[in-house]
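In what follows, a structure is listed as structure tokens, so that the remarks can point back to it.
Letters A, B, ... mirror the listed sequences (proteins, then strands); counts begin at 1.
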There are 2 protein chains.
Amino acid sequence: MMLTALNTQTRHGEVCPLDTTLKVITGKWKSIILCRLMKQELRYSELLRTLPGCTRRMLSLQLSQLEADHIIQKEVDPTYTPIKTSYHLTELGQSLVPIIQAMDQWGAQYIKTLETTTD
Amino acid sequence: MMLTALNTQTRHGEVCPLDTTLKVITGKWKSIILCRLMKQELRYSELLRTLPGCTRRMLSLQLSQLEADHIIQKEVDPTYTPIKTSYHLTELGQSLVPIIQAMDQWGAQYIKTLETTTD
DNA sequence: CGGGATCCCCCCAGATACTG
DNA sequence: CAGTATCTGGGGGGATCCCG
């Protein structure tokens, strides 16, 4: 049995790997959440604090989607009370890091290019 | 003078290169448009034909955004009648190709991994 | 602490019609 | 051929409240 249903994107009936990747990382807070978790495991409230403007509702939604897509993993520590959850990248999530870094570098170069392009 | 206003994404007041990149390539039809134009220059109607389900309105919107972001360039040939426009990648757009290919490959591996992960 | 449920508003995008 | 204008609805996301 599958761990979960696959959540792939399709174009005119066919699975599209590119769109699947985009769907995984596109979302109002997903990219910055991934940036945070690239560096270290974090708790729900720690993430929330480093994400100014992000509501708890949105953080929960984005985290649950990333978890459903097997990019991050949630850990609940039952010995703590009231409760303690933490999130970290899965192996799949780790494999995404080079792409995120490449996009960050491309964006920096893109901004620089447009800034210096005059007419 | 700038060619156009910069269209960068910010996080809590600071320019975010990663989000800027994501904004450039995220859009209902942008990724597939870029895939088409990676291979060859295409006319508006040619693009429309290879994008089943895409309305003319959406194609226009996505093309105009990509053009505003300097990813593609529009060429109008006045010698043709009624009219002939074509679109091709700019140099900036070309520089995006490796990232798109990396995302496509990652997506393929991602799908494969999830398909074969059983429990 | 770490969420979920509900209400509500606004914007994205589809449908349709019009145009140089 | 290559678009634009207008109308409309459905969903994303904010605000607020509740819960184990």
Tabulated below should be each protein N or O lying under 3.5 Å from an N or O of nucleotides 11-15 of chain D; please produce it.
unit_1	atom_1	unit_2	atom_2	d
D:dG13	N7	A:Arg57	NH2	2.5
D:dG14	OP1	A:Lys28	NZ	2.4
D:dG14	N7	A:Arg57	NE	3.3

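- Rounded to the nearest 0.5 angstrom, A:Leu66 CG and A:Leu96 CG are separated by 9.5 Å.
- A side-chain donor-acceptor contact under 3.5 Å links B:Thr21 to the backbone of A:Met103.
- Checked against C:dG3, D:dG3, C:dC1, the side chain of A:Ile83 finds its nearest nucleotide in C:dC1.
- Taking the side chain to side chain donor-acceptor pair (under 3.5 Å) definition, one finds that B:Tyr44 meets it with B:Ser60, sequence neighbours left out.
- Within residues 31-44 of chain B, the residues that place at least one heavy atom under 4.0 Å from DNA chain D are, in residue-number order, B:Arg43, B:Tyr44.
- Here the P atom of nucleotide C:dG3 and the CG atom of A:Asp77 are 13 Å apart, to the nearest Å.
- Computed from coordinates, the A:Leu48 CG to C:dG3 C1' distance equals 11 Å when rounded to whole Å.
- With sequence neighbours excluded, no residue forms a side chain to side chain donor-acceptor pair (under 3.5 Å) with B:Ser64.
- Residue B:Lys74 places at least one side-chain N or O closer than 4.0 Å to OP1 or OP2 of D:dG3.
- For B:Lys84, the side-chain contact (heavy atoms from CB on, under 4.5 Å) test picks out B:Arg43, B:Asp77, B:Tyr80, with sequence neighbours left out.
- Rounded to whole Å, the distance from CD1 on A:Ile72 to C1' on C:dG2 is 14 Å.
- If A:Arg56 and A:Pro82 are placed on DNA chain D by their nearest nucleotide, the residue sitting closer to the 5' end is A:Arg56.
- Residue A:Thr85 has no polar side-chain atom (N or O) positioned under 4.0 Å from OP1 or OP2 of C:dC1.
- Rounded to 10 degrees, the angle separating the terminal axes of the helix from C:dC1-D:dG20 to C:dG20-D:dC1 is 50°, with each axis obtained from five end pairs.
- With sequence neighbours excluded, the residues that form a side chain to side chain donor-acceptor pair (under 3.5 Å) with A:Glu41 are A:Ser86.
- Under the rule for a ring pair (Phe, Tyr, Trp, His ring centres under 6.0 Å), B:Trp29 has no partner lying at least two apart in sequence or in another chain.
- Identified under the side-chain hydrogen bond (donor to acceptor under 3.5 Å, both in side chains) test for residues 96-106 of chain A, with sequence neighbours left out: A:Trp106-B:Ser95.
- Screening residues 16-30 of chain B for salt bridge (Lys or Arg N to Asp or Glu O under 4.0 Å), with sequence neighbours left out, gives B:Arg11-B:Asp19.
- In this view, A:Thr90 and A:Gln73, A:Leu92 satisfy the side-chain contact (heavy atoms from CB on, under 4.5 Å) rule, not counting sequence neighbours.
- Put simply, B:Ser45 has a side-chain N or O that comes within less than 4.0 Å of OP1 or OP2 on D:dA2.
- Residues forming a side-chain contact (heavy atoms from CB on, under 4.5 Å) with A:Thr50 (at least two apart in sequence, or on another chain): A:Arg36.
- Atom CG in A:Leu59 sits about 10 Å away from atom C1' in C:dG2, given to the nearest Å.
- Counting to the nearest Å, the P atom of D:dG3 and the CG atom of B:Leu66 are 13 Å from each other.
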